[in-house]
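First the proteins, then the strands, lettered A, B, ... as listed; each starts at 1.
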Amino acid sequence: MKNTLIVLPGPTGVGKTGFALELASRLRCDIISCDSRQFYREMKIGTAAPDDEQLARVRHHFVGFISVTDYYSVSLFERDAMALLPKLFEASPVVIMTGGSMLYMDAVCRGMDDIPDTDPAVRQRYAEMYQKEGISGLRMALRMVDPEYYAKVDLHNPRRILRALEITASTGIPYSSFLTAPVRERDFRIVKAGLTRERGELYRRIDARVDAMMNAGLEEEARSLLEYKGLNALNTVGYRELFRWFDGEISREEAISLIKRNTRRYARKQMTWWNRDNDINWFDASEEEMMFSWIERRLEDNRP
RNA sequence: GGGGAGAUACCAAAGUGGCCAACUGGGGCAGACUGUAAAUCUGUUGUCUGAUGACUUCGUAGGUUCGAAUCCUGCUCUCCCCA
């Protein structure tokens with residue numbers, strides 16, 4: 001039987017954790033978490049990371065394995081996950097990957113282009129350029145060094161332009177020439193089953209979960225991370241709103257309702273991303289048994 | 001009881017005779033996405049239409065005018081001040 005990676009996407013708050021746990025118990029396999037914020041060991045409550053009891057029941061990977069001060073990225077995740085999978089497949093022909101980080105999931109399923117790391121000094125230089133000259137300065141610079149990418153990039157989005165400039169300057173090669181968008185051949189089968197819910201119900205669950213996080217001590221968790229609020233890892237729903245409260249900018253109530261709103265937005269954004277992935281078979285949370293049996297049938301189906 | 005201010009689209013808020021289906025912000029909805037992605041960015045938001053365009057809107061009922069969200073009158077409601 002060919003090794004299979006069961007990919008389980010779903011919007012935040014839909015109930016993936018519990019579902020994946022149940023599935024892993026039945027299949028006796030490990031879970032790879034694909035949640036770029038559950039990676040951080042200091043952010044357990046706000047990211048609804050699996051708790052100790054759940055972690056003890058099924059072996060998880062990539063949960064709380066780095067610190068907010070560490071550098072990590074999609075490509076590192078792809079590398080680490082691809083290094084780990086063969087080991088996991090030695091123990092079981094099936095591995096589950098669940099989570100909400102869309103790009104990270106795609107990186108494992110399809111791979112990303114090999115692009116060299118950027119030089120931090122270069123990065124700093126362009127950050128300053130953005131400060132001084134704004135987005136138009138970045139645009140002009142990009143048009144000079146990589147007109148091909150300039151023609152297709154979102155010229156309103158500083159992140160994209162900065163990235164292209166950094167790579168081009170660090171390597172001396174236009175960023176666009178790295179972009180071949182290959183679909184990497186994986187030596188395991190990928191089965192994608194998405195978990196979804198009616199929107200109103202999902203929103204109610206999200207609201208309830210935010211309240212539960214506050215009761216579970218999210219405030220203390222965020223306070224202990226206040227000194228790191230400038231780090232990217234903390235630019236995350238649930239933390240940045242509380243930081244604004246701590247700074248006296250908004251009230252506690254405002255912070256909580258903003259967390260709810262931003263979590264709902266995130267859930268929608270996730271669905272937008274996955275909507276274009278035709279390989280995902282979606283199941284409503286009310287049809288969990290149907291989903292289990294669909295997955296089991298796919299596993300019995302031995303064709304590559 | 002007397003005096004004053006105001007009622008604008010989901011919310012807030014501009015507009016004070018034609019350039020107004022109505023600035024702007026928020027929210028909603030939709031979308032993009034190749035390296036810190038729970039990030040970053042975009043579009044749209046009266047109705048019908050593929051688009052031109054058509055139709056109904058600015059508390060309410062009338063009036064003035066070629067033309068009104070904008071001017072006048074009555075009514076309803078809200079707020080403030082003095083009693």
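Applying the 4.0 Å criterion to OP1 and OP2 of B:rU40, one finds that A:Arg160 has every side-chain N and O outside that range. The shortest distance between the side-chain N/O atoms of A:Arg268 and the OP1/OP2 oxygens of B:rG28 is below 4.0 Å. Checking the phosphate oxygens (OP1, OP2) of B:rG31, a side-chain nitrogen or oxygen of A:Thr272 falls inside 4.0 Å. When the side-chain nitrogen and oxygen atoms of A:Lys269 are compared with OP1 and OP2 of B:rA39, one or more of them lie within a distance under 4.0 Å. For the pair A:Arg199 and B:rA30, the criterion of a side-chain N or O lying under 4.0 Å from OP1 or OP2 is met. In this structure, A:Arg265 reaches the B:rG27 phosphate: one of its side-chain N or O atoms is under 4.0 Å from OP1 or OP2. Taking side-chain N and O atoms only, A:Ser101 has a distance below 4.0 Å to OP1 or OP2 of B:rA38.
Nucleotides B:rG18 and B:rU70, compared at atom P, are 11 Å apart to the nearest Å. Comparing the P positions of B:rA68 and B:rU56 gives an interatomic distance of 13 Å, to the nearest angstrom. Rounded to a whole angstrom, the distance from the C1' atom of B:rC41 to that of B:rU60 is 45 Å. B:rC23 sits 29 Å from B:rA39 when the P atoms are compared, rounded to a whole Å. Across the C1' atoms, B:rG46 and B:rA69 are found 15 Å apart, a figure rounded to whole Å. Of the C1' atoms belonging to B:rA30 and B:rC81, the separation is 49 Å, rounded to the nearest Å. Straight-line distance between the P atoms of B:rG43 and B:rC48: roughly 23 Å, to the nearest whole Å. B:rA54 and B:rG62: their C1' atoms are spaced 28 Å apart (whole Å).
No hydrogens or angles were tested; on distance alone, a donor-acceptor pair under 3.5 Å links the side chain of A:Asp117 to the base of B:rG35. In the interface, the side chain of A:Asp113 is paired with the base of B:rU34 through a donor and an acceptor atom under 3.5 Å apart. Interface remark: the A:Asn235 side chain does not form any donor-acceptor pair with the B:rA38 base, using a distance-only criterion of under 3.5 Å.
Taking CZ of A:Phe77 as the start and CE of A:Met82 as the end, the distance is 10.5 Å to the nearest 0.5 Å. In this structure, OG1 on A:Thr4 lies 3.5 Å from CZ on A:Arg189, to the nearest 0.5 angstrom.
A:Phe39 comes within 4.0 angstrom of nothing in the nucleic acid, heavy atoms only. Using a 4.0 Å heavy-atom criterion, one finds that A:Asp35 contacts the bases of the nucleic acid, with or without backbone contacts as well. Base engagement by A:Thr47 is indicated by at least one non-hydrogen atom pair under 4.0 Å involving a base atom. Within 4.0 Å (heavy atoms only), A:Thr180 reaches at least one base atom of the nucleic acid. Using a 4.0 Å heavy-atom criterion, one finds that A:Tyr40 contacts no nucleic acid atom at all. Nucleic acid contact class of A:Gly46 (heavy atoms, under 4.0 Å, all strands): base.
Of the candidates B:rG35, B:rU40, B:rA38, the closest approach to any side-chain atom of A:Arg159 belongs to B:rU40. With distances taken from any side-chain atom of A:Arg240 to the nucleotides B:rU34, B:rU40, B:rA38, the minimum falls on B:rU40. When the nucleotides B:rU34, B:rC41, B:rG26 are ranked by their closest atom to the side chain of A:Pro158, B:rC41 comes out on top. Closest to the side chain of A:Ile115, out of B:rA38, B:rC29, B:rG35, is B:rG35. Comparing B:rA38, B:rU34, B:rC41 against the side chain of A:His156 picks out B:rC41 as the nearest.
Searching all strands for a Watson-Crick or G-U wobble partner of B:rU42 with both distances below 3.5 Å returns B:rA30. Here B:rC75 sits opposite B:rG59 as a Watson-Crick or G-U wobble pair (both hydrogen-bonding atom distances under 3.5 Å). Summarising the base pairing, B:rC66 is matched to B:rG18 through a Watson-Crick or G-U wobble pair whose two defining distances lie under 3.5 Å. Within the shown strands, nothing qualifies as a pairing partner of B:rA13 under the Watson-Crick or G-U definition with both distances less than 3.5 Å.
Checked by atom type and distance alone, the side chain of A:Ser67 pairs as donor or acceptor with a backbone atom of A:Thr69 at under 3.5 Å.
Rounded to a whole Å, the CE atom of A:Met102 is 15 Å from the C1' atom of B:rG35. Residue A:Trp274 contributes atom CH2, which lies 9 Å from atom P of B:rA38 at whole-angstrom precision. For the pair A:Asn157 CG and B:rC41 P, the computed distance is 6 Å after rounding to whole Å. As a whole-Å value, the separation of A:Met105 CE from B:rA38 P is 11 Å. Protein atom OH of A:Tyr266 is 16 Å distant from nucleotide atom C1' of B:rC41, rounded to whole Å. With rounding to whole Å, A:Asp106 atom CG is found 13 Å from B:rA32 atom P. A:Lys44 has its NZ atom 19 Å from the P atom of B:rA38, to the nearest Å. Residue A:Trp273 contributes atom CH2, which lies 18 Å from atom P of B:rU42 at whole-angstrom precision.
If A:Leu103 and A:Ala181 are placed on RNA chain B by their nearest nucleotide, the residue sitting closer to the 5' end is A:Ala181.
Aromatic rings from A:Phe65 and A:Tyr40 are positioned such that their centres are separated by 6.0 Å or more.
Using cut-offs of 30° and 60° on the angle between ring planes, the pair A:Phe39 and A:Phe62 is tilted. Using the six-membered ring where Trp is involved, A:Tyr175 and A:Tyr149 have ring planes that are perpendicular, over 60° apart on the 30 and 60° scheme.
A salt bridge is defined here as a Lys NZ or Arg NE, NH1 or NH2 lying under 4.0 Å from an Asp or Glu carboxylate O, and A:Asp277 with A:Lys192 meets this definition. Between A:Lys260 and A:Asp211 there is a salt bridge, since at least one side-chain N of the basic residue sits less than 4.0 Å from a carboxylate O of the acidic one.
A cation-pi arrangement is present between A:Arg223 and A:Trp245 under the rule of less than 6.0 angstrom and at most 45 degrees off the ring axis.
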